[in-house]
Amino acid sequence: MTRHVVRTGLAAVLLAAVSLGSLQAMPAFARKYGMSCKTCHAPFPKLKPYGEEFAGNGFVIKDKDTPRYFVDTGDPDLSLLRDLPIALRLEGFLAYNNAGERQLDFISPYILKFLSGGAITKDIAYYFYFFFSERGEIAGLEDAFVMFNDLFGSGLDLFVGQFQVSDPLFKREVRLPFEDYAVYKAAPGDSRIDLTYDRGVMLTYGFDTGTDVTFEVLNGTGIGEANVFRSFDDDPYKNVLLRVSQEVAPAFRLGGFGYLGKERPEETVNKVWMAGADATLSVKPFELNLQYVERRDTNPFFALILPPEKVMTRGAFAELIYLPKGDDSRWYAAGLFNWVDSDQFDLRYTAATAHLGYLLRRNIRMTAEATYAFRGPYERHIRLGTGLIFGF
C-alpha cells in the first residue's frame, strides 16, 4: 500500500515534466492571412464558430483576397498554388497508468502527423492528414477529402472522400482532452460500423432560420485497405446518416440524428440503426456539450445460426469547458464524462476526466490530465498524463 502511494505521488510530481503534444489546427491558414490562431481557435485546436464558418467556406475568408496565394502563369484557367499549405502534429506524453502493472511511461512520439489543406480554386478546397506514426505504426491517411463549396450556387456544400461520420455532431480530432468520446467508437462484435472514420459523401446546408442539415452516404466499412477486387466496399449496401440541428438561442443549439445501415462481409447480414441527440450551451465563461446515442445490431457477430444474437448498445458523454477570459484566456479547464452500456460486456465503460491547460503562447499549450475509469476492461483504472502542444 505504501509503495502504491509513493508511486502515485511520484506520478503526480512528474506531471510538471514536459513532453510533446498535438497539433490539429492549421497554422498555414494563420500565415496565409497574417492573423492570430485565436481568430479560429480558443484554445487551439478547439474551433470557435468563426473557425467552423471558415472551414465550411472552403478555408477562405469571405471578401479577404490573398493575391499571392496562386502563381500568376498568364493562364486564367489555371489555378496553381504558390506554396503548399502544410502543418505538423507531434504528440507524446509522460503518463502513469495502473492498468495491468502500474507504470510510468514515456509515450513519445505517440503521433507524428502531416497536415495539408486549403483552396484549390474558387469554391473547391481539399484537406488531408497523414500519420507517419500513430502509436508506433504507420497509419496512413485518415481525414482526406475534397470540398465543393456552394455547389452550383445552391448553398449546398459537398464533401467527397473519407472523414469522420461524427464530424457534424462533435469533432473528435479537435477535442481538448486526450480521453476520447467513447460512444462514437463503440461497435459490438465484428461490426465495422461506428461513428468514426468512413468513406463516402457528405452534403451540408444551412438555412437562414439557424437550421443546419447534414446528409451522409457511406460505405459502412471504415477506412481499411481495398479488397482483391480493388474495392473498399465489399457488400452491395450503402449506409446513410441524417442530422438536423437548430440554433434555439444565440448560446444554445439542439440537434438530432438517425443512422441506417447494413453490412455483409461474408455470408450473413448485420442490420444497424442508430439515433441520438446532442446539445451545446455556451454561457460565458462555460461551454457544455452533450451527446446521447442509441444503437441496435441484429447480428454483429455474423453468426450463421438462427436466430442471431442481437446486441443493444447505448451511450453518452458530457463535456464542460471553462475559459475564464473567453478567447483571451491563457489557462482553461475541461471535464469529460463518458458512459457506454451494452449487451456486450466488454463495451461497457464509465469514466471521468479532468483536464487543465495553459497557453504559453497562442500556439504552445501545456496540459495535465487525469482519468478514472469506474467501469471498463480495467475497473478502477487511473491514467495521469502531461504534455506540451505545439502548433507550427
Side-chain angles (χ1 to χ4, degrees), residues 1 3-5 7-9 11-12 15 93 95-105 107 110 135 164-166 169-173 175-197 222 257 259 270 272-279 288-301 309-321 333-356 367-387:
M1 177 67 179
R3 289 170 59 190
H4 172 65
V5 172
R7 294 178 72 175
T8 303
L15 287 176
F93 299 93
Y96 168 79
N97 195 326
N98 75 340
E101 294 186 6
R102 299 180 180 89
Q103 59 180 339
L104 289 170
D105 190 9
I107 312 173
Y110 183 74
R135 289 172 284 185
Q164 297 221 45
V165 180
S166 61
L169 308 171
F170 294 105
K171 293 178 170 56
R172 293 175 59 235
E173 289 297 317
R175 70 186 187 277
L176 294 174
F178 176 83
E179 174 78 352
D180 209 338
Y181 300 149
V183 69
Y184 286 169
K185 302 189 299 178
D190 298 315
S191 175
R192 292 174 294 180
I193 295 173
D194 61 22
L195 295 175
T196 62
Y197 294 100
F257 81 94
Y259 182 109
N270 178 37
V272 178
W273 70 258
M274 286 182 271
D278 60 271
L288 177 63
N289 298 315
L290 302 171
Q291 177 73 71
Y292 178 80
V293 178
E294 189 87 14
R295 172 172 176 154
R296 297 291 185 275
D297 290 72
T298 61
N299 188 12
F301 296 96
E309 181 180 354
K310 298 180 180 180
V311 176
M312 178 278 295
T313 305
R314 58 168 60 102
F317 67 78
E319 179 183 47
L320 182 65
I321 300 169
L336 178 63
F337 183 80
N338 273 307
W339 169 74
V340 178
D341 194 25
S342 178
D343 293 336
Q344 184 174 321
F345 184 80
D346 59 3
L347 288 182
R348 299 174 185 175
Y349 183 69
T350 306
T353 296
H355 175 98
L356 288 173
T367 67
E369 183 169 315
T371 295
Y372 182 81
F374 304 90
R375 182 178 66 162
Y378 300 97
E379 291 189 3
R380 296 181 294 278
H381 175 199
I382 299 171
R383 185 180 67 242
L384 305 174
T386 184

Start with the C-alpha distance between Asp180 and Arg175, add both sets of side-chain angles, then the distance that settles side chain to side chain contact (heavy atoms under 4.5 Å, CB included), and finish with yes or no. CA-CA 8 Å; Asp180 209 338; Arg175 70 186 187 277; 3.5 Å; yes
Hey, mind stepping through Lys310 and Asp297 against salt bridge (charged side-chain N to carboxylate O under 4.0 Å, His left out) and telling me if it holds? CA-CA 6 Å; Lys310 298 180 180 180; Asp297 290 72; over 6 Å; no
Side chain to side chain donor-acceptor pair (under 3.5 Å), that's the test. Do Asp346 and Gln344 meet it? Break it down for me. CA-CA 6 Å; Asp346 59 3; Gln344 184 174 321; 2.8 Å; yes
What verdict does the side chain to side chain contact (heavy atoms under 4.5 Å, CB included) test give for Thr298 and Val272, after you've listed the backbone C-alpha separation in whole Å, the side-chain angles of each residue and the deciding distance to 0.1 Å? CA-CA 7 Å; Thr298 61; Val272 178; over 6 Å; no
Worked check of side chain to side chain contact (heavy atoms under 4.5 Å, CB included) between Glu294 and Met274: CA-CA 5 Å; Glu294 189 87 14; Met274 286 182 271; over 6 Å; no
One pair to check against side chain to side chain contact (heavy atoms under 4.5 Å, CB included): Glu369 and Leu384. What are the steps and the verdict? CA-CA 6 Å; Glu369 183 169 315; Leu384 305 174; over 6 Å; no
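In this view, Tyr349 and Glu179 satisfy the side-chain hydrogen bond (donor to acceptor under 3.5 Å, both in side chains) rule, not counting sequence neighbours. Contacts of Ser191 classified as side-chain hydrogen bond (donor to acceptor under 3.5 Å, both in side chains), with partners at least two apart in sequence or in another chain: Glu263, Arg295. Residues passing the side chain to side chain contact (heavy atoms under 4.5 Å, CB included) test with Arg380 are Tyr372, sequence neighbours excluded. For Asp105, the side chain to side chain contact (heavy atoms under 4.5 Å, CB included) test picks out Ile107, with sequence neighbours left out. Residues satisfying the side-chain hydrogen bond (donor to acceptor under 3.5 Å, both in side chains) test with Arg192, not counting sequence neighbours, are Asp234. In terms of the side-chain hydrogen bond (donor to acceptor under 3.5 Å, both in side chains) criterion, residue partners of His381 (sequence neighbours excluded) are, by chain and number, Asn97.
Atom CZ in Phe337 sits 13.5 Å away from atom CG in Leu320 (nearest 0.5 Å). The distance from atom CG of Leu169 to atom CG of Asp278, rounded to the nearest 0.5 Å, is 5.5 Å.
Between the side chain of Asn299 and the backbone N or O of Asn270 there is no donor-acceptor pair closer than 3.5 Å. Asn338 contributes a side-chain N or O that, together with a main-chain N or O of Ala182, makes up a donor-acceptor pair within less than 3.5 Å. Not one N or O on the side chain of Arg383 forms a donor-acceptor pair closer than 3.5 Å with the backbone of Thr371.
Between Leu195 and Val293 the shortest side-chain heavy-atom distance falls below 4.5 Å. The shortest side-chain heavy-atom distance between Pro188 and Asp343 does not fall under the 4.5 Å cut-off. Between Phe317 and Leu336 the shortest side-chain heavy-atom distance falls below 4.5 Å. The shortest distance between side-chain heavy atoms of Arg314 and Arg296 falls below 4.5 Å. Under the 4.5 Å side-chain criterion, counting only non-hydrogen atoms from C-beta, Val340 is in contact with Thr313. At least one side-chain heavy atom of Arg172 sits under 4.5 Å from a side-chain heavy atom of Ser166.
Here the shortest heavy-atom pairing between Tyr96 and Leu104 reads CB-CD2, 3.7 Å. Nearest heavy atoms, Glu319 versus Pro177: OE2-CD, 3.7 Å. When all heavy atoms of Phe301 and Gly189 are compared, the closest pair comes out as CE2-CA, 3.5 Å. Considering every non-hydrogen atom in both Phe374 and Ala351, the closest pair reads CD1-CA, 4.1 Å. Residue Asn289 comes nearest to Ile321 through the heavy atom pair ND2-CD1, 4.2 Å, listed as atom of the first residue, atom of the second, then distance. Taking each heavy atom of His355 and Leu176 in turn, the nearest pair found is CE1-O, 3.3 Å.
For Tyr184 and Phe170, the distance between ring centers is not under 6.0 angstrom. A centroid separation of less than 6.0 Å is found between the aromatic rings of Phe93 and Phe178.
A salt bridge links Arg375 to Asp341: one of the charged nitrogens lies within less than 4.0 Å of a carboxylate oxygen.
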